[in-house]
Amino acid sequence: MIQQNLNPHFVFNSLNLIYSSILEDKKEMALQTVRDFSKLHRNFLERSKEKQVSLISEIDFINAYLAMEVLRFKENISIRHKIQIDPSCAMNQIMIPPNILQPLVENAIKYGILGYSGLEEKMIYIDIQQIQKQVLLSIENPVDQNTPIYKGTGMGINIVEDRINLYNQENKTNIRFIKTSNSIHFNVGYRVEIYINS
């Protein structure tokens, strides 16, 4: 399920971007996209085999994923994000299940950025804070005021919840995943939180 979760539309549209770049004689862009896409996809599959990865590794993967999404949507819409990391967090030592952030970031793009017509900034915020003996990782995006906060099939959310529950059982950890409408960055936003013992 994890390996299938890198959205097929993302894969198809990335390949389409490469094809379009070749047709438009943008060879350097096509080559760069091929390199970035290959590295990202290989990284995703390799990490899927691991039982745990460091938080810094997960954030590096998300940066690469978002860079591809920026290229993919650049003709139609700006995909902007801000990652804020508390300098007191030991990012190399905090371990989490691999590839659990990608479905959440994908949801933030799909349900928060694409088609958003509100007045607030189109931005995805990823915040990592040290709070006593826990690390709080949150992902937040704006939503239209009249749009239901929780929509979609919930498959990505379910995969994340299942992975965290399984990881907790196997490692006797207590990672908590919370969906909340209590937005920090927006008047009306969607926010997910992951609490990790540090």
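Source: prediction; values computed, not measured.
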Practice problem: Could you tell me whether Glu121 and Arg80 have a side-chain N and a carboxylate O separated by less than 4.0 Å? | Solution: yes
Quiz item: Between the side chains of Ser54 and Gln93, is a donor N or O closer than 3.5 angstrom to an acceptor N or O?
Solution: no
Exercise. Give the C-alpha distance, both sets of side-chain angles, the deciding distance and a yes or no for salt bridge (charged side-chain N to carboxylate O under 4.0 Å, His left out) between Glu28 and Lys26.
Key: CA-CA 6 Å; Glu28 191 52 46; Lys26 298 177 181 176; over 6 Å; no
Exercise. List for me each residue that meets side-chain hydrogen bond (donor to acceptor under 3.5 Å, both in side chains) alongside Asn174, sequence neighbours excluded, and say none if there are none.
Key: none
Exercise. Considering non-hydrogen atoms only, spot the tightest contact between Ser117 and Asp144 and give its length.
Key: N-OD1, 3.0 Å
Quiz item: Shortest non-hydrogen contact from Ile22 to Ala30?
Solution: CG1-CB, 3.8 Å
Exercise. Assess the side chains of Tyr167 and Gln52: does a donor N or O sit below 3.5 Å from an acceptor N or O?
Key: yes
Under 3.5 Å, which donor-acceptor pairs do the side chains of residues 84-92 form with other protein atoms, sequence neighbours left out?
from	atom 1	to	atom 2	distance (Å)
Gln84	NE2	Asp127	OD1	2.6
Asp86	OD1	Ser88	N	2.9
Asp86	OD1	Ser88	OG	2.8
Asp86	OD2	Ser88	OG	3.3
Asp86	OD2	Gln130	N	3.1

Self-check item: Ion pair check, Glu161 and Lys179, cut-off under 4.0 Å
Solution: yes
Practice problem: Indicate yes or no: does Glu170 engage Arg163 in a salt bridge with an N to O separation below 4.0 Å. | Solution: no
Quiz item: Can you name the nearest heavy-atom pair linking Thr33 to Met68, along with the distance?
Solution: CG2-CE, 4.0 Å
Quiz item: What is the minimum heavy-atom distance between Ile113 and Ser78, and which atoms define it?
Solution: CG2-O, 3.9 Å
